[in-house]
Protein chains: 2
Amino acid sequence: MDRMDTPCGLDVALAVIGGKWKPLILFHVQSGPTRFSEIRRRVGGISEKVLIQQLRDLVEMKVLLRRDHHCVPPVVDYALTPFGETLVKALVPLCDWGTANRDVVSAIKAPSATERGG
Amino acid sequence: MDRMDTPCGLDVALAVIGGKWKPLILFHVQSGPTRFSEIRRRVGGISEKVLIQQLRDLVEMKVLLRRDHHCVPPVVDYALTPFGETLVKALVPLCDWGTANRDVVSAIKAPSATERGG
DNA sequence: TTTCACCCTTACCTTTTGGTAGGTTCTATC
DNA sequence: GATAGAACCTACCAAAAGGTAAGGGTGAAA
């Protein structure tokens, strides 16, 4: 690849938190170990298949820790790893920016939807 | 929707910088107004179609400013808007995190590629 | 005239991502 | 037996994102 030294680490971060749901999942898990069904309820609007997929990705990336209590009916919860906590900390300014500019971005995106859709 | 107040603004930020190339583009433009062909060379590996698409998105989101010098042969350059600069600033910690953990993430992702690919 | 570089466009295709619907194993409840 | 809840899997499908190939109008250089 012609890729240079890539001094910008954004691509790395995006590889971890990219996607439609991962930021939300991280947000809802940072308060402590959370069970699968509870995450699903809190995120809202996500299907089981996708949630599991995202969760597995996050676990694979060592951002989340999956704890299976090996009991019946199944009890599993997910928690941030120390590594995941460093990521969440780095995410705070961006989260803050997004919160501050939610209306601005929405106002810009909404009208463009008709243009792009045609 | 069951969606709560969505106190996490990450989805907003992701809507703006999400995608494979936008972070890189932002990075290469932050040093000052940059011409299309120069961005393409600096990013490396991106096709014209995709670069234009990303650039248009960024302009549409008021993150970048497109300046057409209306001369022949065409001269066009892109620069960060003040709004875009606030975004880039919010991106710094994440960029830093990515840079610091590039090897960690790569080491984790690489072997999983064989599992996921099968 | 041909070639090159410029910025951008279009048509077509592949990969990735997200979504729907149904199934599995087990226990508790009705 | 039927129903419900837990966590997860599988098959199929749709949309979005990304990639490839080609063209277009102009002026400078060969």
Side-chain angles (χ1 to χ4, degrees), chain A residues 1-3 11 14-25 28-29 33-61 64-79 109 112-113 115-118, chain B residues 1-3 11 14-25 28-29 33-61 64-79 109 112-113 115-118:
Chain A
M1 299 301 161
D2 308 67
R3 194 168 295 176
D11 58 318
L14 265 298
V16 179
I17 57 150
K20 188 174 176 180
W21 302 104
K22 291 203 179 75
L24 275 306
I25 294 173
H28 287 294
V29 165
T34 312
R35 293 187 62 177
F36 175 84
S37 52
E38 194 174 342
I39 297 175
R40 197 189 168 189
R41 275 189 288 269
R42 301 222 282 232
V43 172
I46 189 172
S47 68
E48 290 190 337
K49 194 204 89 169
V50 174
L51 178 54
I52 289 172
Q53 185 56 57
Q54 308 289 294
L55 250 17
R56 288 171 71 114
D57 287 350
L58 258 12
V59 169
E60 205 172 348
M61 301 301 280
L64 289 187
L65 181 68
R66 179 181 184 274
R67 297 193 307 180
D68 189 339
H69 295 251
H70 298 290
C71 56
V72 171
V75 173
V76 179
D77 60 35
Y78 296 84
K109 280 180 72 75
S112 70
E115 297 174 44
R116 303 283 294 283
Chain B
M1 299 301 155
D2 306 69
R3 193 168 297 176
D11 58 318
L14 264 297
V16 179
I17 57 150
K20 188 173 175 180
W21 302 104
K22 291 203 181 77
L24 276 304
I25 293 172
H28 288 294
V29 165
T34 312
R35 295 186 60 177
F36 175 85
S37 52
E38 195 174 338
I39 297 175
R40 197 191 168 188
R41 275 188 289 270
R42 300 221 282 230
V43 172
I46 190 172
S47 70
E48 289 190 338
K49 194 204 89 168
V50 174
L51 178 54
I52 289 172
Q53 185 56 57
Q54 308 289 295
L55 250 16
R56 288 170 72 114
D57 286 350
L58 259 11
V59 169
E60 206 172 346
M61 302 299 281
L64 288 187
L65 180 68
R66 178 181 184 274
R67 296 191 309 178
D68 190 336
H69 296 250
H70 299 291
C71 57
V72 172
V75 173
V76 179
D77 60 34
Y78 297 83
K109 281 181 71 76
S112 71
E115 298 174 44
R116 303 283 293 286

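In what follows, chains are A, B, ... by sequence order, proteins preceding strands, each numbered from 1. Here the structure is a predicted model, which is why all the values come from computation and not from measurement.
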Contact between A:T34 and A:H28 at the side-chain level, heavy atoms closer than 4.5 Å - yes or no?
no
Looking for any heavy atom pair under 4.0 Å, which part of the strands does B:S37 touch: base, sugar-phosphate only, or nothing?
sugar-phosphate
Closest non-hydrogen atom pair, B:L58 against B:I25
CD2-CG2, 4.0 Å
Is A:R40 touching bases, backbone alone, or none of the nucleic acid, heavy atoms closer than 4.0 Å?
nothing
Taking the nucleotide of DNA chain C with the nearest heavy atom to each, does B:F36 or A:I46 sit closer to the 5' end?
B:F36
Let me know the distance between CZ of B:R66 and C1' of C:dC6, rounded to the nearest Å.
12 Å
If you look at every heavy atom in A:G18 and B:L14, which pair is closest and at what distance?
CA-CD1, 4.4 Å
If I compare all heavy atoms of B:V29 with all of B:Y78, which pair ends up nearest, and what's the gap?
CG1-O, 3.7 Å
Interatomic distance where NE2 belongs to B:H69 and P belongs to C:dA5 [whole Å]
21 Å
5' precedence on DNA chain D between B:Q54 and A:Y78 (nearest-nucleotide basis):
A:Y78
If you only use heavy atoms from C-beta on, which nucleotide in D:dC8, C:dG18, C:dC6 is closest to the side chain of B:R41?
C:dC6
B/S/- contact track for nucleotides 21-30 of chain D, protein heavy atom under 4.0 Å
-----SS---
Rounded to whole Å, how long is the line connecting atom CG of A:D57 with atom C1' of C:dG18?
12 Å
Separation of D:dA7 atom C1' from A:L55 atom CG, nearest Å, is 11 Å
Would you say D:dA6 has OP1 or OP2 under 4.0 Å from some side-chain N or O of A:R35?
no
Heavy-atom closest contact (B:K22 atom, B:V16 atom, distance)
CD-O, 3.1 Å
Could you state the CD-C1' distance from B:Q53 to D:dT20, rounded to the nearest angstrom?
16 Å
Taking side chain to side chain donor-acceptor pair (under 3.5 Å) as the test, write out the residues that go with B:R67, two or more places apart.
B:D77
Give the nucleotide from the list C:dT9, C:dG19, D:dT20 with an atom nearest to the side chain of B:I52.
C:dT9
Expressed as a whole number of angstroms, how long is the span from A:W21:CH2 to C:dT16:C1'?
17 Å
Whole-Å gap separating P (D:dG18) and CG (A:D11):
13 Å
As an exercise, state the distance from CD1 of B:I17 to CG of B:L24, rounded to the nearest 0.5 Å.
11.0 Å
Length of the line joining B:K20:NZ and C:dT17:C1', which is rounded to integer Å:
14 Å
Phosphate OP1/OP2 of C:dT9: any B:R56 side-chain N/O under 4.0 Å:
yes
